[in-house]
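For reference, the structure is listed below as structure tokens.
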Amino acid sequence: MADETSQLDTLLHEQRTFAPSEEFRKQANFNDPAVYERAAQDPQAYWAEQAANLSWFEDYDKVLEWNAPHAKWFLNGKLNAAYNAVDRHRTTSRKNKAAIMWEGEPGDSKVFTYEMLGREVDKAAHMLKNLGVKKGDRVTIYLPMIPELPISLLACAKIGAIHSVVFGGFSAKSLKERILDGDSDVVITADGGWRRGKVVPLKGNADAAVEGTAVRKMLVVQRVGDAAETEMVAGRDVYWHEEMAKAPSTPCAAEPMDSEDILFLLYTSGTTGKPKGIVHTTAGYLVGANTSMRSVFDLKDEDIFFCTADIGWVTGHTYIVYGPLSAGATVVMYEGAPDFPARDRFWEIVEKYSVTTLYTAPTSIRTFMKWGPQYVENHNLDTLRLLGTVGEPINPEAWMWYHEHIGKGRCPIVDTWWQTETGSAMIAPLPGITETKPGSATQPVPGILADVVDENGNSVEPGHGGYLVVKHPWPSMLRTVWGDDDRFKRTYFGQFEGTYLPGDGAHKDKDSYFWILGRIDDVINVSGHRIGTMEVESALVDHNAVAESAVIGRSHEVKGQAVTAFVTVKEGVETSPELVQELKQHVVDKIGAMARPEEIIFTAELPKTRSAKIMRRLLRDIAEGRVIGDTTTLADPSVVESLKNQYSNNE
Ligand code: WTA
């Protein structure tokens, strides 16, 4: 763990601490430190207290049933996620409050009040019913960041259909895999989406993806119009706006869902080639999402909450849709990229909408640092009062830059550690209570019993590192992996019985603060996106020039980690710069742009141990220039072989 050790050294030299200002503390929703103790002593009572913030059609009769690793929360309760996110606000003073303020890439924008959003969701719910969608059916959603995306999620939730959102950057092949695995027969997509002035060809990908699947209906939102060529398949494809026009403008009754009925599937990369359909259920997920809005994000009715994630990832599910809306917030969502039309896109949005809370990823912050503060300086960011980060460890330099240049030294920063599987923020400061340290996600939120343990599952002493674990079930935990409960048990509970293993390494400092060090499995975190090394390796060997490949993540200044692929080619194949480009494009076609290898290194052989395990540490050291400097030296086929001998002694 050479690279982890040096990273840790830097982190542990970090001595700065930032206590909440008296002003912030006084107004915070959570400002009594006793909440931690109270929740630790009786997590169920704490979560039951939080669950009272939701609207229930029927009360639950038991808080938790734990047959490890299977949890049921709020047993026999009845509720509806869309009702909680939208409808319940329509009968209060929030009725005419902005729910979603949306900013499109070409400069178009829309504001939906809770009442307006509710009507759209009702209409869309009727439309889905008209198309034959029923409770429990899986609807695959492959849309750009346009209002129809949250409306689709909420319309599914309203009628009890299970949504499975696939990020618009995924390829046709990745989309197909997810449609097949989830066995879904309806897809919602768009003619295209805007990104950096270009059209993302969603409909074309969707057409290719549904071939050979059970998909019978494709609902197409018109977003880019003439900028894309859209072929509608007769009998299968229908336009969103035409179907919406046919749907009644009457309220659509919210389906009373059991607490444990599935709300959604969301696929995430694992250590094998096949992505896992993470299963989240209705009540527990909503309790986690809603609670963290009030605790970690200190949400107030006056707040304007801007989460820069895409709804295609869990961050968007929880902190654009279900969390903020269930808490009655105003959210800002945007289509496009942070540098188009200019590098001040975020700051322009913050200023235009008077954003109070900004939630973004360390990779974006590092990019802004690189661009320099001039893009920030000519915007008024005075409305900001709280900042958040998520997706990967944040280095102290980036934390400090965020603190100084965006927060102007005034806004607390909440570094939130969590995962698709955990549903909501797990390790994070409570901004009115916690003294923060740049680079540390600090401590588990109330009601979460996380720890750092050694390989025997024993808690490490402060000042030591090990596996991050969660020792007690929590409401928004995944319930299983769709269609593969064995994989669920093996992956998350196989190592330590009854204890959840997230797959991250962590260090616990002398104050018992957590410093997340990154993945300990074969998952790479590129700009906050999880990419399985196996997925990239399978994509590469699928190319007819490739014999074998090994993919590793090497540290990258901006992206956190970058995909580096070592490749051996088949007999008779000439390596060339053209082949490098072709292989990179092949990975993009197979998986999606986020998996594009940063570099491809041809080698005569892959270094393996005697038991045929690829020596990934050696490859990482090579890629990071620690053993031979410039990797072009690898043109000499004997290099890896001789390095292998050196390494096999200490592997
Ligand atoms: C990493 C995103 C350090 C971690 C919500 C985790 C983090 C994976 C942090 C989950 C953080 C997320 N500090 N690492 N604050 N947040 N991670 O499922 O490795 O897309 O396991 O969920 O991202 O990624 P996922």
Side-chain angles (χ1 to χ4, degrees), residues 4 7-8 11 165-167 169-170 264-271 275-278 280 285 288-289 292 296 307-320 322-323 359-366 387-396 398-399 402 413-429 436-445 448 450 452 465 467-470 476-478 481 491-492 500-507 513-532 553 555 559-561 594-595:
E4 283 85 355
Q7 184 195 352
L8 187 61
L11 281 178
V165 180
V166 179
F167 172 58
F170 274 115
F264 66 85
L265 306 183
L266 186 58
Y267 285 82
T268 187
S269 292
T271 46
K276 299 177 283 224
I278 302 301
H280 280 291
Y285 170 77
S292 53
V296 177
C307 167
T308 68
D310 193 292
I311 294 175
W313 307 108
V314 75
T315 304
H317 279 59
T318 305
Y319 295 109
I320 295 179
Y322 292 110
Y359 190 33
T360 193
T363 186
S364 309
I365 299 165
R366 289 191 296 266
L387 305 175
T389 80
V390 62
E392 49 175 324
I394 182 164
N395 45 312
W399 196 102
Y402 201 28
I413 296 180
V414 290
D415 172 3
T416 60
W417 176 87
W418 60 292
Q419 312 176 288
T420 308
E421 292 88 337
T422 71
S424 59
M426 302 285 282
I427 302 179
T436 54
K437 302 184 185 186
S440 168
T442 74
Q443 292 185 315
V445 299
I448 299 299
V452 180
Y467 300 95
L468 180 64
V469 294
V470 188
S476 65
M477 69 191 284
L478 78 165
V481 169
T491 311
Y492 303 107
Y500 173 78
L501 182 77
D504 280 309
H507 179 91
Y513 272 44
F514 289 65
W515 299 76
I516 313 293
L517 302 174
R519 304 291 309 183
I520 49 171
D521 54 10
D522 293 332
V523 172
I524 309 179
N525 190 328
V526 182
S527 302
H529 300 152
R530 279 162 74 172
I531 293 164
S555 30
K559 298 175 177 177
Q561 284 190 300
M594 62 279 183

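Reckoned from all heavy atoms, side chains included, excluding hydrogens, waters and symmetry mates. When a ligand or atom number is given, it counts from 1 through the structure's own listing order. The model shown is predicted, which means the values in this text are computed figures rather than measured ones. Numbering starts at 1 and runs along the sequence shown.
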Test item: Asp504 and Arg519 side chains (from C-beta on) under 4.5 Å apart, heavy atoms: yes
Ligand 1 atoms in contact with Asn525 (distance to a heavy atom under 4.0 Å): 1 (C), 23 (O)
Sub-4.0 Å heavy-atom approach of Trp313 to ligand 1: no
Contact atoms of ligand 1, heavy-atom distance to Ile516 under 4.0 Å: 3 (C), 14 (N)
Side chain, backbone, both or neither: the part of Thr315 lying under 4.0 Å from ligand 1 by heavy atom: side chain
Whether Gly518 lies under 4.0 Å from ligand 1, heavy atom: no
Distance-only N or O hit between ligand 1 and Thr268, under 3.5 Å: no
Any N or O of Thr389 closer than 3.5 Å to N or O of ligand 1: no
Tyr359-Thr315 side chain donor-acceptor pair, cut-off 3.5 Å: no
Option of least heavy-atom distance to atom 7 (C) of ligand 1 (set: Glu392, His317, Arg530): Glu392
For atom 21 (O) of ligand 1, the protein heavy atom that lies nearest, with its residue and separation: Asp504 OD2, 2.6 Å
Single hit among Tyr513, Trp515, Phe514, Trp417 for side-chain contact (heavy atoms from CB on, under 4.5 Å) with Thr442: Tyr513
Atom pair CZ (Arg530) and OG1 (Thr268), whose distance is rounded to the nearest 0.5 Å: 3.5 Å
For Ser269, all residues meeting side chain to side chain donor-acceptor pair (under 3.5 Å), sequence neighbours excluded: Glu535
Flag side-chain contact, heavy atom, 4.5 Å: Ser424 against Tyr285: no
Shortest non-hydrogen separation from Arg366 to Asn395 and the atoms involved: NH1-OD1, 3.2 Å
Nearest protein heavy atom with distance in Å, relative to atom 16 (N) of ligand 1: Gly391 N, 3.0 Å
Atom of His280, atom of Glu421 and distance for their closest heavy-atom approach: CE1-O, 3.5 Å
Under-4.0 Å heavy-atom contact with ligand 1, by part of Val314 that carries it: side chain
Location of contacts on Pro393 toward ligand 1, heavy atoms closer than 4.0 Å: both
Numbering as shown, the atoms of ligand 1 that approach Thr416 to under 4.0 Å (heavy-atom distance): 9 (C), 11 (C), 15 (N), 16 (N)
Test side chain to side chain donor-acceptor pair (under 3.5 Å) applied to Gln419 - qualifying residues, sequence neighbours left out: Tyr500
For ligand 1, the portion of Thr420 having any non-hydrogen atom under 4.0 Å away: both
Val523 and ligand 1 - part of the residue with a heavy-atom distance under 4.0 Å: neither
Non-hydrogen atoms of Val296 and Ala428 that approach each other most closely: CG1-CB, 4.0 Å
